[in-house]
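Numbers for residues simply follow the sequence, beginning at 1.
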Amino acid sequence: MGIWSVITGNLAKRRLTIRLPGEAPRPVGFRGPVVLDEAKCVCCGMCRYACVSEAIAVGYFADRFTWEYRTGRCTFCGKCVEVCPSRALSQKAESPAACERPAELDAAREVPFPPCARCGRPALPITDTVLLKAFREIGEDVASWSRLCLRCRRSRYSMGVAAGLKPALGRDLRRPE
Ligand code: SF4
Ligand code: SF4
């Protein structure tokens, strides 16, 4: 068959492709870009550790935690979402908008450290989701410890140990606060 007969034969055929009326349908379980809910993040860095594509970078500062996401590096595997202990990460159910450079879809977030309930210095945040995993229930004691910075938790713990030793030693080992 000559080329001209192929061309005229194709021109005579009806169109085989169709233009979709709206957005392309997505498969069930579609995993889009990763998003962070700062209110739930406990700044553990597990997402950074789990991401072998190095799409997530984290930073620790005196008063805040930073979280950066590079969409161009992400393979949308969902591993970071899976390992996040506080369910602070999720994946969008839709595709990102068209853009010229992948960097346009990058995200940078900050999680400010709340003040310690005892000394007021910035302390790492903790959420009920993580506390429940560790202690199964959140009693008054756990709740009050969770609002302290590491230094004040250490101090409170050592005071408790000293108070426990007092009857055996016959003297008070606790330092005044
Ligand atoms: S979805 Fe996968 S590749 Fe993307 S940031 Fe999370 S762990 Fe990294
Ligand atoms: S809490 Fe989740 S989002 Fe925050 S640093 Fe840990 S793993 Fe990442």
Are the side chains of [X] and [Y] in touch, meaning some heavy atoms are under 4.5 Å apart?
| X | Y | value |
| --- | --- | --- |
| C152 | R156 | no |
| F61 | T66 | yes |
| C119 | R151 | no |
| Y49 | I56 | no |
| W145 | V142 | no |
| C43 | P125 | yes |

Minimum-distance pair of heavy atoms, taken over all atoms of [X] and [Y]:
| X | Y | answer |
| --- | --- | --- |
| C74 | Y69 | SG-OH, 3.1 Å |
| G2 | S5 | O-OG, 2.7 Å |
| P122 | F113 | CB-CB, 3.7 Å |
| K133 | C84 | NZ-O, 4.5 Å |

Linking I/L/V/M/F/W/Y whenever their side-chain heavy atoms sit closer than 4.5 Å, directly or via other members, would [X] and [Y] fall into one cluster?
| X | Y | result |
| --- | --- | --- |
| L36 | V34 | yes |
| V111 | V81 | yes |
| V42 | V83 | no |
| L148 | F65 | no |
| F30 | L105 | no |

How long is the straight-line distance from [atom2] of [Y] back to [atom1] of [X], given to the nearest 0.5 Å?
| X | Y | atom1 | atom2 | value |
| --- | --- | --- | --- | --- |
| F135 | S146 | CZ | OG | 9.0 Å |
| R48 | E68 | CZ | CD | 11.5 Å |
| T8 | K13 | OG1 | NZ | 10.5 Å |
| R109 | R64 | CZ | CZ | 15.0 Å |
| D37 | R87 | CG | CZ | 12.5 Å |
| L124 | C116 | CG | SG | 11.5 Å |

- [ ] Test I138 against D128 for side-chain contact (heavy atoms from CB on, under 4.5 Å), laying out the working first.
- [x] CA-CA 8 Å; I138 306 172; D128 286 358; 3.7 Å; yes

Task: Heavy-atom neighbours of Y157 OH exceed 12 at 6.0 Å - done: no

Open item on the list: Could you check whether atom NZ of K92 has more than 12 heavy atoms from other residues, nucleotides or ligands sitting under 6.0 Å from it?
Closed with: no

Open item on the list: Between S86 (side chain only) and K40 (backbone N and O only), is there a donor and an acceptor less than 3.5 Å apart?
Closed with: yes

TODO: Would you confirm whether R31, through its side chain, and C77, through its main-chain N or O, come within 3.5 Å as a donor-acceptor pair?
DONE: yes

- [ ] For a side-chain contact (heavy atoms from CB on, under 4.5 Å) with R118, tell me which candidate from S144, S155, C149 qualifies.
- [x] S155

TODO: Would you check, one step at a time, whether the test side-chain contact (heavy atoms from CB on, under 4.5 Å) holds for W67 with L89?
DONE: CA-CA 11 Å; W67 184 90; L89 296 176; 3.7 Å; yes

